[in-house]
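The block underneath contains the structure these notes are about, expressed in structure tokens.
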Amino acid sequence: MVAAEVFLTFILVLSIFLGFELINKVPATLHTPLMSGANAISGITLVGAIGLAGTGNQDLSNWLGAGAVALATVNVVGGYLVTDRMLAMFKKKEG
Amino acid sequence: MVAAEVFLTFILVLSIFLGFELINKVPATLHTPLMSGANAISGITLVGAIGLAGTGNQDLSNWLGAGAVALATVNVVGGYLVTDRMLAMFKKKEG
Amino acid sequence: MDTLIQFAYVVSGALFIFGLKQLGSPATARRGNMISSLGMLLAVVSALLDQGIVEYQWIVVGVLVGAIIGGAAARMVQMTAMPEMVALFNGSGGMASLLVGWAALNTDAATFTLVTIILSILIGGVTFTGSLVAYGKLSEKIGSGAVLFSGQQVVNSLIVLGILAGSVMFCLEPANHLWLYLVIVLSLIFGVMAVIPIGGADMPVVISLLNSYSGLAACAAGFAVNNNILIVAGALVGASGIILTQIMCKAMNRSLSNVLFSGFGSGKTETTAVEGEIKPISVEDAYYVLEAASTVAIIPGYGMAVAQAQHVVKELSVLLEANGAEVNFGIHPVAGRMPGHMNVLLAEADVPYDQLLEMDEINPRMEGVDVAIVIGANDVVNPAARENEGSPIYGMPVINVDQARTVFVLKRSMASGFAGIENPLFYKDNTRMLFGDAKESIGGLVREFS
Amino acid sequence: MDTLIQFAYVVSGALFIFGLKQLGSPATARRGNMISSLGMLLAVVSALLDQGIVEYQWIVVGVLVGAIIGGAAARMVQMTAMPEMVALFNGSGGMASLLVGWAALNTDAATFTLVTIILSILIGGVTFTGSLVAYGKLSEKIGSGAVLFSGQQVVNSLIVLGILAGSVMFCLEPANHLWLYLVIVLSLIFGVMAVIPIGGADMPVVISLLNSYSGLAACAAGFAVNNNILIVAGALVGASGIILTQIMCKAMNRSLSNVLFSGFGSGKTETTAVEGEIKPISVEDAYYVLEAASTVAIIPGYGMAVAQAQHVVKELSVLLEANGAEVNFGIHPVAGRMPGHMNVLLAEADVPYDQLLEMDEINPRMEGVDVAIVIGANDVVNPAARENEGSPIYGMPVINVDQARTVFVLKRSMASGFAGIENPLFYKDNTRMLFGDAKESIGGLVREFS
Ligand SMILES: NC(=O)c1ccc[n+]([C@@H]2O[C@H](COP(=O)([O-])OP(=O)(O)OC[C@H]3O[C@@H](n4cnc5c(N)ncnc54)[C@H](OP(=O)(O)O)[C@@H]3O)[C@@H](O)[C@H]2O)c1
Ligand SMILES: NC(=O)c1ccc[n+]([C@@H]2O[C@H](COP(=O)([O-])OP(=O)(O)OC[C@H]3O[C@@H](n4cnc5c(N)ncnc54)[C@H](OP(=O)(O)O)[C@@H]3O)[C@@H](O)[C@H]2O)c1
């Protein structure tokens with residue numbers, strides 16, 4: 001009965017509010033990792049790209065999808081690794 | 001394609017997270033109004049009840065719906081009014 | 001049109017969220033409540049415009065009846081009776097969810113829908129009777145003690161089993177109404193059984209929890225009638241109730257399961273051996289001490305609500321300030337019978353909210369306080385919680401009034417507070433007991449000052 | 001199966017949320033990033049299990065290529081080059097969204113879908129080229145100044161009009177690929193045009209904003225392919241980028257539109273009349289002063305990143321502490337070229353994060369500081385922001401090093417910082433300039449100590 005767009009919009013609105021609440025709490029110390037970590041999450045496009053790159057049709061859509069898979073993966077893998085590398089360096093004073 | 005239940009669950013999960021983030025910030029001073037204000041919101045069942053009370057069939061469903069309309073309205077009207085009455089009393093020191 | 005209505009629900013969800021956000025600060029809280037009510041209005045109007053609705057008369061009747069009852073109750077309730085009021089509204093919301101779930105039933109519904117229907121009936125039913133019992137205990141219409149009897153656990157287990165079995169059978173055979181009725185009746189009974197073993201003073205925790213349940217019931221009803229806004233709003237309420245419950249439990253240093261299942265406050269008192277003697281003081285002598293004090297801390301508790309003393313307390317604080325003293329209020333998170341109870345009462349009496357200090361703010365200052373006036377508070381100022389490992393409230397954070405130079409305790413007798421335990425504070429060297437109804441004692445002080 | 005996959009997306013959304021929550025505290029941040037990456041893994045695996053997928057070879061090739069590039073880049077990048085790296089990743093994400101939008105196109109799509117497709121192409125394209133230009137400016141592969149030419153506004157307006165017209169025509173005639181290509185090309189051009197008029201030092205703001213856009217592009221792509229998790233994750237990223245942008249603008253006391261449209265830092269310097277004389281100091285003399293200091297505040301800035309001096313700075317701080325001094329770091333929110341830039345560099349050098357004080361924490365203590373060592377910072381310690389109403393950075397909160405007993409400023413010359421304005425700090429009585437590359441100067445101090 002209810003159209004998918006409605007659900008999607010609802011989800012969008014809720015996520016935006018949630019994003020604001022969550023990010024507002026991150027302290028300045030962590031802003032660079034936050035930036036690269038969020039960047040990695042934006043690689044979620046990968047999930048959309050996978051569906052388009054695996055249709056089996058040798059058409060434009062498929063090639064575009066494959067390209068998107070590669071680019072989004074750069075974002076995901078690079079983003080998470082570099083964030084982890086940064087965060088591994090953050091240490092509390094012992095004792 | 002995607003089933004409505006999936007969307008609804010997504011919405012549920014997001015709302016719960018959002019609820020926790022929002023409420024956690026409310027200071028102790030406002031806990032009573034928060035409680036009655038939240039209570040008023042839970043009267044949202046009214047929206048569901050309206051659809052059931054207006055079918056025009058003179059059947060059990062209709063009567064149950066009408067009953068639910070009355071009860072939920074108590075919750076909504078009473079809840080918002082009493083919260084407002086309480087909050088109207090909260091004052092900051094002048095000057 | 002239908003899609004438009006659905007988008008209106010999105011907007012009203014956003015309004016609820018905005019409203020709750022603004023409820024987070026005293027300066028914007030009132031606006032927040034308005035915004036939230038606007039969201040509700042929008043949702044209701046949208047629901048009314050739905051094309052599925054062919055007959056408005058019963059809706060109008062229902063809304064009128066509900067609005068009159070709710071409006072009247074909200075206008076007339078006394079601020080001291082807030083907890084009871086919230087309990088009643090809660091119950092009403094729960095029953096509404098039960099009815100919606102029931103009404104949404106049609107025999108060719110999918111299993112998923114059937115499950116959500118039975119959930120909304122179950123949670124709604126428990127919320128309804130549970131809230132009524134909580135109301136009864138709070139308003140002392142029924143005995144507020146914990147009701148415990150032998151075999152209680154067996155009975156409860158049987159009820160739970162019955163509910164489970166009934167629910168499963170209902171989902172398998174939705175056409176057979178027997179199962180439906182069974183679950184309705186059992187969930188109503190279960191609501192009663194779940195709340196009677198809990199002592200009257202623990203009712204606030206129960207009410208918060210039931211508040212959360214009423215939200216969850218709305219959620220379940222939302223799944224049953226496939227409506228987003230019920231789910232969003234219900235989940236917000238559910239989260240809010242759970243957080244308040246947690247806050248209270250933490251402030252009492254007890255676990256939720258301890259509150260729900262242990263029958264605390266049911267009369268089994270654990271005596272703390274106390275030494276020292278009780279030193280009563282007259283209103284006149286108390287006046288002389290206060291006259292000379294330059295910093296005064298007022299710590300209100302449940303007794304202030306009972307005595308309805310908030311207005312005279314405000315008067316006293318003004319007089320003390322006029323006399324050159326610095327006056328602060330120290331508010332314990334579980335003082336009274338509901339979270340934020342003291343704040344509401346003092347707000348009613350026009351005490352500005354920035355004069356109310358939370359426990360963590362006032363405790364460090366306590367050593368510099370000349371006179372701490374304890375008004376009908378007992379457990380929340382009990383030093384045994386800090387000192388006596390054997391005390392049932394050991395570990396609960398309290399306001400350390402005993403560190404002030406002088407402590408006045410205003411109460412009617414030596415009776416114990418809700419926790420039913422002795423309070424060594426009353427026997428300390430620097431404590432003076434000002435016996436009598438709080439309103440009268442403070443009134444006496446006010447008269448001395450003016 | 002399909003429903004199962006969808007529920008897996010719900011779980012992975014929850015994991016992203018949990019992950020971001022844990023990113024909120026240094027102690028749990030690393031775990032948070034893991035949780036978030038777990039969410040990503042779950043989402044990707046679920047997508048792979050989708051029954052619509054018949055051929056895996058191109059997916060595998062794409063993932064391998066991407067993983068190798070991304071992994072290598074992440075391993076090899078220097079911490080000082082973080083901003084450039086993020087810009088590149090950003091661009092890559094934007095391009096991916098553009099391609100997904102394009103690939104999702106089929107001519108019998110509904111108008112709503114067409115709108116979301118064109119949105120994801122548009123936002124993705126702008127993000128892509130915008131990020132590339134930002135990368136070029138930051139890494140100084142292209143001139144970092146603001147590029148302004150006459151008629152720029154006219155050109156930009158024409159591009160925007162072209163995009164609008166193309167988008168509308170595309171939605172009306174999706175079969176005519178001309179409109180699609182027009183929008184793609186124009187949005188790529190627009191990305192360039194939007195970023196070139198912004199000075200190199202404002203790039204961090206631009207990157208944050210583009211970060212936000214890349215999230216929004218993912219959202220739009222999510223609408224286009226009807227996928228919840230894209231929307232949730234995209235919105236979270238969108239919100240995060242906007243908040244970081246706001247924080248930076250606020251810390252610079254400028255509005256976002258001022259950053260985006262005014263070409264600040266494009267060479268037009270506003271001279272502040274300064275009095276006093278410059279007093280250079282040698283490493284040796286600086287050592288004697290530091291030896292006697294009992295409280296030292298270190299204020300790093302962009303120059304520390306340029307000189308890669310973080311490790312010697314850490315050495316110096318350890319030596320100072322061994323010498324009995326209390327050492328704190330004062331971190332301005334926009335020190336460096338990226339929010340949190342200094343924190344990451346100092347973390348790399350093993351400075352514990354509880355030794356890093358934010359501006360609001362260190363400023364009240366500044367009067368008690370014996371020596372403030374300013375390492376390659378300039379604008380963030382410029383007292384003109386506090387004192388000189390005519391200064392272009394007037395009103396920007398700064399670290400008040402001039403209130404310390406003695407200030408050492410380490411920089412190579414009298415050149416100005418990013419804002420291109422004079423710094424009266426250098427002329428104050430209590431300031432000594434220690435000229436030279438920061439790494440060498442500090443290295444010299446370290447040698448004196450040991
Ligand atoms: N606030 C919440 O959310 C919440 C929730 C759950 C449980 N609780 C529990 O409730 C308790 C609250 O502590 P509390 O210190 O506020 O109250 P309390 O410990 O219950 O003590 C109240 C005191 O007020 C006195 N009193 C009653 N009527 C009075 C009157 N008319 N004039 C003067 N005194 C009067 C009583 O002594 P007399 O009879 O001698 O006068 C009694 O000792 C805590 O144990 C807390 O754990 C609170
Ligand atoms: N962090 C952010 O997120 C962000 C975002 C947007 C804009 N900004 C802007 O960036 C600026 C940051 O301020 P800041 O004080 O950190 O930096 P700054 O004002 O740009 O000054 C950096 C100073 O470091 C010196 N320096 C450069 N290389 C050096 C080396 N190898 N050794 C020693 N000194 C060296 C330079 O002087 P010499 O050339 O004489 O050595 C320069 O004066 C602010 O204006 C801020 O608004 C920051």
Side-chain angles (χ1 to χ4, degrees), chain B residues 4-5 8 11-12 15-16 19-20 22-26 28-39 41-54 56 61 64-84 86-87 89-93, chain C residues 20-21 23-24 26 29-30 33 37 43 47 53-55 58-59 62-63 65-67 69-71 73-74 86 89-90 92-93 95-97 99-100 102-103 112 211 214-215 218 221 223 225 227-228 230-233 235-237 239-240 243 333 338-340 343-344 347-348 352-354 358:
Chain B
E5 290 91 69
L8 295 173
I11 289 175
L12 177 68
S15 307
I16 290 176
F20 274 102
L22 288 175
I23 309 292
N24 248 329
K25 281 190 197 143
V26 178
T29 319
L30 291 170
H31 278 162
T32 304
L34 169 65
M35 203 156 165
S36 67
N39 203 322
I41 296 182
S42 79
I44 191 70
T45 326
L46 177 53
V47 168
I50 283 175
L52 298 162
S61 228
L64 293 173
V69 167
L71 287 167
T73 308
V74 171
N75 207 338
V76 170
V77 174
Y80 280 119
L81 283 183
V82 92
T83 309
D84 187 63
M86 261 189 270
L87 289 173
M89 300 180 318
F90 279 81
K91 282 185 200 75
K92 212 183 155 85
K93 196 162 194 151
Chain C
L20 281 176
K21 238 177 118 76
L23 256 186
R30 197 167 181 204
N33 190 51
S37 67
I53 298 182
V54 293
E55 198 190 45
W58 297 114
I59 299 177
V63 167
V65 171
I69 298 178
V86 171
F89 284 164
N90 233 349
S92 154
M95 192 56 176
S97 294
L99 295 182
V100 167
W102 189 352
F112 183 83
N211 195 348
S214 77
F223 275 96
V225 301
N227 190 320
N228 301 311
L230 264 70
I231 295 179
V232 173
L236 292 175
V237 177
S240 122
I243 289 179
M338 175 143 170
N343 304 76
V344 173
E348 188 194 2
Y353 58 77
D354 32 9
E358 293 189 19

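We name chains A, B, ... by the order of the sequence lines, and we start the count at 1 in each one. All values below come from the heavy atoms of this structure, side chains included, with hydrogens, waters and symmetry mates left out.
- Counting only heavy atoms from C-beta outward, the side chains of B:Thr32 and C:Asn343 never approach each other to under 4.5 Å.
- Interface check for chain C: of the options B:Pro33, B:Gly19, B:Ser36, B:Ala68, the most heavy-atom pairs under 4.5 Å are formed by B:Ala68.
- Comparing C:Leu236, C:Val65, C:Val54 by how many heavy-atom pairs each has under 4.5 Å with chain B, the most go to C:Val54.
- C:Val344 has its side chain out of reach of C:Met338: every pair of non-hydrogen atoms, C-beta onward, lies at least 4.5 Å apart.
- Taking the six-membered ring where the residue is Trp, C:Phe223 and C:Phe112 present perpendicular rings, their angle passing 60° and hence far from 30°.
- Between chain B and the options C:Ser214, C:Ser92, C:Ser97, C:Ala235, heavy-atom pairs under 4.5 Å are most frequent for C:Ser92.
- Heavy atoms closer than 4.5 Å to chain C are found in the side chain of B:Leu30, but not in its backbone.
- Comparing B:Val26, B:Asn39, B:Asn24 by heavy-atom pairs within less than 4.5 Å of chain C, the highest count is held by B:Asn39.
- The candidate from C:Ala73, C:Gly70, C:Ala221, C:Ala29 with the greatest count of non-hydrogen atom pairs under 4.5 Å with chain B is C:Gly70.
- Both the backbone and the side chain of C:Asn33 come within contact range of chain B, each with at least one heavy atom under 4.5 Å from a heavy atom of that chain.
- Only the side chain of C:Glu358 comes within contact range of chain B, judged by heavy atoms closer than 4.5 Å.
- Most heavy-atom pairs under 4.5 Å with chain C, from the set B:Val82, B:Thr83, B:Leu71: that is B:Leu71.
- For a residue to count as touching a neighbouring chain, one of its non-hydrogen atoms must lie under 4.5 Å from one of that chain's; by this rule B:Leu34 touches chain C with backbone and side chain alike.
- For the set C:Ala218, C:Gly215, C:Ala47, the entry with the most heavy-atom pairs within less than 4.5 Å of chain B is C:Ala47.
- The structure places CZ of B:Phe20 at 14.5 Å from NZ of B:Lys25, a figure rounded to the nearest 0.5 Å.
- Top candidate by heavy-atom pairs under 4.5 Å with chain C, chosen from B:Ile16, B:Leu12, B:Leu22, B:Leu8, is B:Leu8.
- Ranked by heavy-atom pairs under 4.5 Å with chain C, the list B:Gly43, B:Ala49, B:Gly37, B:Ser61 is led by B:Ser61.
- Taking the side chain as every heavy atom from C-beta outward, C:Ile53 and B:Ile50 approach each other to under 4.5 Å.
- If you measure heavy-atom distances from B:Ala4 to chain C, the contacts under 4.5 Å come from the side chain alone.
- Contact of B:Val47 with chain C is made through backbone and side chain together, with heavy-atom distances under 4.5 Å.
- Contact check for B:Ile41 versus C:Leu20: side-chain heavy atoms found under the 4.5 Å cut-off.
- Contacts between C:Pro333 and chain B at a heavy-atom distance below 4.5 Å are absent for every atom of the residue.
- Summarising the geometry of C:Trp58 relative to B:Ala53, their closest heavy-atom pair is CB-O, 4.0 Å, with the distance given to 0.1 Å.
- Highest contact tally toward chain B, considering only C:Val232, C:Ile69, C:Asn228, C:Asn227, is held by C:Val232 [criterion: heavy-atom pairs under 4.5 Å].
- Annotation: salt bridge (charged side-chain N to carboxylate O under 4.0 Å, His left out) contacts involving residues 72-84 of chain B, sequence neighbours excluded, comprise B:Asp84-C:Arg30.
- Of all heavy-atom pairs between B:Asn75 and B:Ser42, the closest is ND2-OG, 3.7 Å.
- Residues satisfying the side chain to side chain contact (heavy atoms under 4.5 Å, CB included) criterion with B:Val77, sequence neighbours excluded, are B:Thr73, B:Leu81, C:Ala67.
- Between chain B and the residues C:Val86, C:Ile243, C:Asn90, the largest count of heavy-atom pairs under 4.5 Å involves C:Ile243.
- C:Trp102 is listed as a side-chain neighbour of C:Leu99, based on a closest heavy-atom distance under 4.5 Å.
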